[in-house]
Amino acid sequence: MMHTRLQDQLNQAIAELTEQQKAIDECQRHLTGQSTSVLSKDRMLSATVDVQGGLSKLEFHDTRYRSMAPAELADAITKVVAEARREMLGQVTSALRPHLQGLADLSTSTTGSHEWDTFLEPLRKMMPAPMFGEDRR
């Protein structure tokens, strides 16, 4: 009886993980190719970053940059690129949050027990490679 209940719970957990994986894969497909652009506060330049935060375009909208000191120009570029990256991270986080919450709940419920960690390790290995270079267990 106990074995059947544990097996049912395991089957349910596997089914939920499989569904979660499908949802995350769809979200990843949606995010692939996305970018965001940010215009500097002074409207002098804009930066476009991809979903991984890589700079894909830097555009100057006037010629003020020509008379700027190198450090001032570097600061302006750094700020607009950082803002674009923050905005993209917010978009990615918002898109992934609903899908990752279930996985976080599962992780939280299992981290206190070495037996559960050992038991669930094969399931964790089935998880996809991280999207943004995070380390995998």
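What's counted below: heavy atoms across the whole structure, side chains too, no hydrogens, waters or symmetry copies.
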Identify the two heavy atoms, one from Leu58 and one from Leu55, that lie closest to each other, and give their separation to 0.1 Å. CB-CD2, 4.5 Å
Nearest heavy-atom neighbours spanning Val80 and Leu39: CG2-C, 4.1 Å
For residues 43-50, which side-chain N or O atoms pair as donor and acceptor with protein atoms under 3.5 Å away, sequence neighbours left out?
unit_1: Ser46; atom_1: OG; unit_2: His61; atom_2: NE2; d: 2.9
unit_1: Thr48; atom_1: OG1; unit_2: Ser37; atom_2: OG; d: 2.5
unit_1: Asp50; atom_1: OD1; unit_2: Gln52; atom_2: N; d: 3.0
unit_1: Asp50; atom_1: OD1; unit_2: Gly53; atom_2: N; d: 3.0
unit_1: Asp50; atom_1: OD1; unit_2: Gly54; atom_2: N; d: 2.8

Value rounded to 0.5 Å, distance of [atom1] in [X] from [atom2] in [Y]:
X	Y	atom1	atom2	value
Lys79	Asp42	NZ	CG	10.0 Å
Thr4	Gln7	OG1	CD	8.0 Å
Ile77	Leu73	CD1	CG	4.0 Å
Glu87	Ser35	CD	OG	10.5 Å
Arg66	Phe60	CZ	CZ	10.5 Å
Met88	Leu31	CE	CG	8.0 Å

List the residues meeting side chain to side chain donor-acceptor pair (under 3.5 Å) with Glu26, not counting sequence neighbours, and say none if there are none. Arg29
Quick check: does any side chain N or O of Ser94 sit under 3.5 Å from a backbone N or O of Gln91, one acting as donor and the other as acceptor? no
Decide whether Asp8 and Gln12 meet the rule of one side-chain donor and one side-chain acceptor closer than 3.5 Å. no
Between Gln20 and Glu16, is there a side-chain donor-acceptor contact under 3.5 Å, judged purely by atom types and distance? no
